[in-house]
Amino acid sequence: MRVPLRMGQTNATAWRGFVFLGFSGFGELQLLLFALFFSLYLVTLTSNVFIIVVIRLDSHLHTPMYLLLSFLSFSETCYTLGIIPKMLSSLVMGGQAISYEGCAAQMFFSASWACTNCFLLAVMGFDRYVAICAPLHYASRMDPPFCARLVGTSFLCGYLFGLGMTLVIFHLPFCGSHEIQHFFCDTPPVLSLACGDTGPSELGILILSLLVLLVSFSFITISYAYILAAILRIPSTEGWKKAFSTCASHLTVVIIHYGCASFMYLRPKASYSLERDQLIAVTYTVVTPLLNPIVYSLRNQAVQTALRSAFRGRLLGAG
């Protein structure tokens, strides 16, 4: 007899947990994947933390644009901390167990930070709009209290949507197989283990995902529509290049982030492919958080200068 599991159940006869199968089918390649993902994770963690520290210490970077970048790096760091360490341990020790409550917590935090990233990217788009379309009023409009409210709202909305997605999934009973064909508690693989009618939950996840992605992406689109109109009014080619260069890093991150998220969460359950979805999940859990510091450090002269100064100061201090 299959025993259903629900949030808050205390029946000791039911095993309250799941097992990640993840990359178990890769055999001996798991150690190679561990080395690859561990290296990428170290670079991601170090790069994001370094950007946060550099922006905090360099007074030249105490502007809304870079403070928002530091919050995005912080959010990405928290997002990876909740997923990648467990994935790495699964690669070394095989299928890893996670408790029912632990799976719910992992889904809540991963969904919360992912949604927060979307809202922060929208706020960063608004920041670029003010900087280009109203440069004379930039300091007054994007003052510290207003920026703090924007960031706080982004985090609050992220947590609320993360909580909603988790409750939509974990109000269902789980029975039969406890094996998650994935390396973390993402919504599609966990939902596939639920018993009964999952239609309302699938609809709920779709609605919440649409709200997060469409609302935040709409703000970005509107901001860049105004930015493009302002750029087209600039008479010189040099002015065009300077304006586009201030937006290029943000646009690159937006395209990658929203491309992966839209493919994963704005589609019907019938189109899920667990093997293919794992590869896509690697992109937005391992690769995308690494791209943020790389894109901004490679394309942004101010960040490059601050990084070189911090590195030289560290060398001089060591000497």
Side-chain angles (χ1 to χ4, degrees), residues 2-7 14-34 36-38 40-41 79-80 82-111 113-114 162 165-206 208-209 260-288:
R2 299 191 302 177
V3 182
L5 301 178
R6 286 184 182 273
M7 184 73 81
W15 178 60
R16 296 172 54 83
F18 302 96
V19 175
F20 295 121
L21 295 186
F23 302 98
S24 58
F26 285 76
E28 296 179 355
L29 289 177
Q30 289 187 75
L31 290 180
L32 180 62
L33 290 174
F34 170 82
L36 174 63
F37 293 152
F38 181 69
L40 291 174
Y41 180 55
Y79 176 70
T80 57
I83 297 174
I84 298 182
K86 190 73 174 177
M87 179 188 74
L88 293 174
S89 66
S90 297
L91 285 169
V92 174
M93 294 180 285
Q96 286 287 293
I98 186 171
S99 68
Y100 181 78
E101 292 79 7
C103 186
Q106 187 184 55
M107 180 179 291
F108 166 69
F109 285 111
S110 62
W113 291 117
M165 291 181 179
T166 305
L167 292 177
V168 165
I169 297 291
F170 280 90
H171 85 282
L172 294 168
F174 291 87
C175 51
S177 176
H178 299 279
E179 297 176 342
I180 299 178
Q181 300 286 339
H182 209 21
F183 54 84
F184 77 102
C185 290
D186 203 3
T187 51
V190 175
L191 184 60
S192 68
L193 301 180
C195 303
D197 182 16
T198 61
S201 294
E202 292 173 37
L203 180 61
I205 291 294
L206 180 61
L208 290 172
S209 300
C260 292
S262 298
F263 182 82
M264 282 299 296
Y265 300 109
L266 300 184
R267 59 196 176 115
K269 184 179 178 181
S271 64
Y272 291 165
S273 170
L274 295 177
E275 293 77 12
R276 180 190 60 195
D277 289 355
Q278 279 192 76
L279 296 177
I280 298 170
V282 167
T283 301
Y284 64 78
T285 56
V286 180
V287 179
T288 302

With side chain to side chain contact (heavy atoms under 4.5 Å, CB included) as the criterion, how do Val282 and Phe183 come out once you've worked through the C-alpha distance, each side chain's angles and the decisive distance to 0.1 Å? CA-CA 9 Å; Val282 167; Phe183 54 84; 3.8 Å; yes
task = Using the six-membered ring wherever Trp is involved, compare the ring planes of His182 and Phe184 and label them parallel, tilted or perpendicular (cut-offs 30° and 60°).
result = tilted
* Let me see the working for Val19 and Ile180 under side chain to side chain contact (heavy atoms under 4.5 Å, CB included), right down to the final yes or no. => CA-CA 6 Å; Val19 175; Ile180 299 178; over 6 Å; no
In this structure, CG of Leu167 is separated from NE2 of His171 (nearest 0.5 Å) by 9.5 Å
One should read off an interatomic distance between Asp186 CG and Gln181 CD, to the nearest 0.5 angstrom, of 14.0 Å
Non-hydrogen side-chain atoms of Met165 and Ser209 separated by less than 4.5 Å
yes
**Item:** Exceeds 12 heavy-atom contacts within 6.0 angstrom, atom CZ of Phe108
**Value:** yes
All heavy atoms of Gly162 vs all of Ala111, minimum pair found to be CA-CB, 3.9 Å
Rounding to 0.5 Å, atoms CG (Leu33) and CE (Met87) come to a distance of 8.5 Å
>> side chain to side chain contact (heavy atoms under 4.5 Å, CB included), that's the test. Do Leu191 and Leu172 meet it? Break it down for me.
In response: CA-CA 9 Å; Leu191 184 60; Leu172 294 168; 3.7 Å; yes
Distance col, row Ile98:CD1 vs His178:NE2, nearest 0.5 angstrom, shows 14.0 Å
4.5 Å side-chain heavy-atom contact, Ile205 and Ile169:
yes
Closest non-hydrogen contact found for Leu21 with Glu179 is CD1-OE1, 3.6 Å
Show, in sequence, the C-alpha distance, side-chain angles and deciding distance for Phe174 and Phe18, and conclude whether the ring pair (Phe, Tyr, Trp, His ring centres under 6.0 Å) test is met.
CA-CA 10 Å; Phe174 291 87; Phe18 302 96; 5.5 Å; yes
Ring centers of Phe37, Tyr41 separated by less than 6.0 Å:
no
Here the gap from Ser201 atom OG to Leu206 atom CG, rounded to the nearest 0.5 Å, amounts to 12.5 Å
* For Ser110 and Gln106, does a side-chain donor sit closer than 3.5 Å to a side-chain acceptor? -> no
| message | Tell me whether the count of non-hydrogen atoms from other residues, nucleotides or ligands lying under 6.0 Å of CZ in Phe34 goes above 12. | response | yes
In this structure, CG of Leu208 is separated from OG1 of Thr166 (nearest 0.5 Å) by 10.0 Å
Check: Do the ring centers of Tyr100 and Phe170 come within less than 6.0 Å of each other?
Finding: yes
